[in-house]
Amino acid sequence: MGVKKRRTKLPGFGLTLGLSITYMSLLIFIPLSALILYAAHLSFTDFWELIINERVLAAFKISFLSTFWAAAFNFIFGLIIAWILSRYSFFGKKIIDALIDLPFAIPTAVAGIALSYIFSPNGILGSFLQKFGIEIAYSKGGILIALIFIGLPFVVRTAQPVIAELDKELEEAAASLGANFYQIFFKVIFPSIFPALLTGFALAFARGLGEYGSIIFISSNMPYESEIVPLLIVKKLLQFDYRGASAIGVTMLVCAFILLFFINILQGYAKRRRKN
Amino acid sequence: MSIEITQVGKKFGDFTALENINLTIPDGEITALLGPSGSGKTTLLRIIAGLETPDTGTISLFGEDSTWKQTKDRKVGFVFQHYALFKHMSVFENVAFGLRIRPRRLRPDKAEIRRKVFSLLSLVQLESMANRLPGELSGGQKQRVALARALAIEPKVLLLDEPFGALDAKVRQELRRWLRFLHDEIHITSVFVTHDQEEALEVSDNIVILNKGKIEQIGAPEDVYDHPANPFVYGFLGNVNLFHARLDKGVLNLNHAEGGAEVSFFVRPQDVVISLSNENGKGVEAKITGHRILGSRVRVNLKTIAGEKEIEADIDKKQWALIEKENRETIYILFFGAKIYSKDETWSDYAI
């Protein structure tokens with residue numbers, strides 16, 4: 001073989017790699033392979049027909065689009081929250097900081113019920129929004145709200161340490177060159193925190209794709225309209241259509257992997273450019 | 001006069017960084033703000049740049065009160081110790097930054113920006129590096145890019161905060177000679193902060209010596225070196241021998257005997273002369289306790305017989321060879337250009 005074994009100065013590579021692979025195998029590779037193997041019982045044409053079913057495609061569209069928009073929304077507002085938390089000190093900052101992690105902690109069903117309660121036509125926010133003809137709960141908007149709620153901590157927590165460590169002198173240098181706040185932000189600060197924000201976006205996106213608990217409470221769950229992929233899978237399972245469920249599961253898996261892989265490459269590029 | 005600083009004071013909590021500073025910085029010259037760490041020199045520079053606001057007093061730039069003007073409106077070029085280059089931009093983009101962010105009506109067109117950036121890069125001798133990222137440059141190159149970037153906006157003043165502080169000794173020497181040379185070409189009013197007295201003496205036209213938030217002395221390099229206003233300045237501008245003695249009718253009495261006023265005695269090592277004989281009777285008898293050869297100079301450690309004062313002399317290597325050959329038990333030392341400060345003035349000893 002042309003590959004030469006390179007000796008590394010840092011010890012422990014073999015051990016840690018071995019442990020990582022074992023761990024990943026037990027937790028990720030083996031269960032996912034089982035899923036793929038199960039789906040492999042289907043012939044290709046059967047598989048294909050299951051997927052291009054109109055209802056399945058609609059669910060994919062709803063899942064991916066709403067997750068994307070929710071993650072994009074969090075990208076912006078998560079950045080703003082991370083910014084105030086790491087840049088300024090104000091009354092109640094500690095409390096806000098602690099609140100950020102709540103979406104991680106509370107059961108998603110509870111979050112879904114609480115959100116649908118306040119956004120329902122009788123709820124505090126829902127009744128107000130209804131005056132403008134905006135319906136959130138029991139519609140597509142509900143899915144978005146639930147996903148935004150679930151994904152917020154990811155963006156805030158990845159951006160916060162990076163913003164805190166930004167070199168103040170860069171901003172001062174830009175100011176001395178005549179830049180105003182917006183120019184400093186978009187030309188100097190933003191490129192530095194972009195890789196971290198992208199990580200937060202990817203995490204929120206990945207988490208959102210799999211979200212089930214909160215959405216089924218706030219969405220109307222109407223096929224073709226507001227039915228998400230995880231719900232469709234559960235429905236198939238309830239009808240003992242295990243093959244159909246696994247086919248959708250595998251497709252979801254592949255799509256998610258491709259997207260995350262792409263985001264990782266983009267992030268690697270942004271980071272390299274910054275580090276060099 | 002270009003920069004007028006009037007009664008400026010600044011506190012950080014309990015710490016007084018600057019106290020009642022009055023200073024005029026002359027046009028077209030390089031002024032050094034020299035002082036030990038914590039003397040307030042960087043704070044003063046940052047106040048001139050608008051990166052810090054003074055608690056009291058005013059700053060006027062070119063006849064215009066600028067105390068409350070924002071940094072971006074001051075037209076000052078600022079160079080940081082750690083370069084502060086934009087890491088995600090190439091050398092070209094870094095230098096062009098100040099021009100590209102101008103409002104459209106003041107912004108030069110693309111070709112003009114390109115021409116200007118390249119003329120600046122040729123001034124700092126980095127034309128071939130235009131497409132590199134800052135991470136691919138050495139420290140000295142980075143600082144030259146930072147300088148070109150600051151000059152691109154055609155600032156009225158150039159402010160440099162320990163510009164050579166992060167560089168190694170050889171590059172530092174090269175760069176400060178080059179800065180002096182550059183200044184002789186473009187004559188921009190410059191203020192630079194340093195804690196290195198040699199750097200201040202070599203580069204600047206004027207030196208402002210700061211200590212504990214106050215100005216100790218202002219003057220041309222040879223002025224402050226030859227005529228230090230007080231013991232602090234004397235001690236800060238070079239190595240110094242300091243010991244306490246009594247002055248009896250103009251004669252130095254090293255024994256702490258009665259009679260005469262107690263004084264502090266300052267003498268630079270290069271002003272200590274070692275002699276084998278005591279012809280005029282003014283020599284102080286001493287023993288050689290050690291020596292160290294520093295290139296072309298020799299540092300000799302001496303101890304006086306009377307009073308056992310430790311004294312350091314900095315002499316020529318040839319002279320050292322003569323003294324070493326004689327190998328006397330004791331020799332005589334003479335002081336030239338020593339300074340005496342009497343005890344009733346208040347100041348602190350300065351450790352070498």
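Chain letters run A, B, ... following the sequence lines, proteins first and then strands; every chain starts at 1.
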With only heavy atoms counted, which part of B/Leu159 is less than 4.5 Å from chain A, the side chain, the backbone, both or neither? neither
Pairs flagged by salt bridge (Lys or Arg N to Asp or Glu O under 4.0 Å) wherever residues 95-113 of chain B is involved - sequence neighbours left out: B/Glu112-B/Arg115
Quick one about B/Glu162 and B/His195 (side-chain donor to acceptor, distance below 3.5 Å, no hydrogens or angles considered), yes or no? yes
What part of B/Phe78 gets closer than 4.5 Å to chain A, counting heavy atoms only: side chain, backbone, both or neither? both
With distance as the sole criterion, is a donor-acceptor pair present between the side chains of B/Asp65 and B/Thr67 under 3.5 Å? yes
Examine whether an atom of A/Lys187 lies under 4.5 Å from a heavy atom of chain B, and if so say whether it belongs to the side chain, the backbone or both; otherwise answer neither. both
Please classify the contact of B/Ile101 with chain A as side chain, backbone, both or neither, using a heavy-atom distance under 4.5 Å. both
Between B/Thr43 and B/Glu52, do the side chains contain an N or O donor and an N or O acceptor separated by less than 3.5 Å? no
Can a donor-acceptor pair be found, under 3.5 Å and without considering hydrogens, that links the side chain of B/Gln141 to the backbone of B/Arg144? no
For a quick check under 3.5 Å, do B/Asp161 and B/Thr42 share a side-chain donor-acceptor pair by atom type? yes
Quick check for you: among B/Phe80, B/Phe86, B/Tyr83, which has the greatest number of heavy-atom pairs under 4.5 Å with chain A? B/Phe80
Taking the six-membered ring for Trp, are the ring centroids of A/Phe64 and A/Trp69 within less than 6.0 Å of each other? no
Quick check, are the ring centers of A/Phe154 and A/Phe205 under 6.0 angstrom apart? no
Between B/Ala152 and chain A, which part of the residue has a heavy atom less than 4.5 Å away: side chain, backbone, both or neither? neither
Give a yes or no on whether the ring-centroid distance for A/Phe73 and A/Phe77 is below 6.0 angstrom. yes
Residues of residues 84-97 of chain A under 4.5 Å from chain B (heavy atom pairs)? none
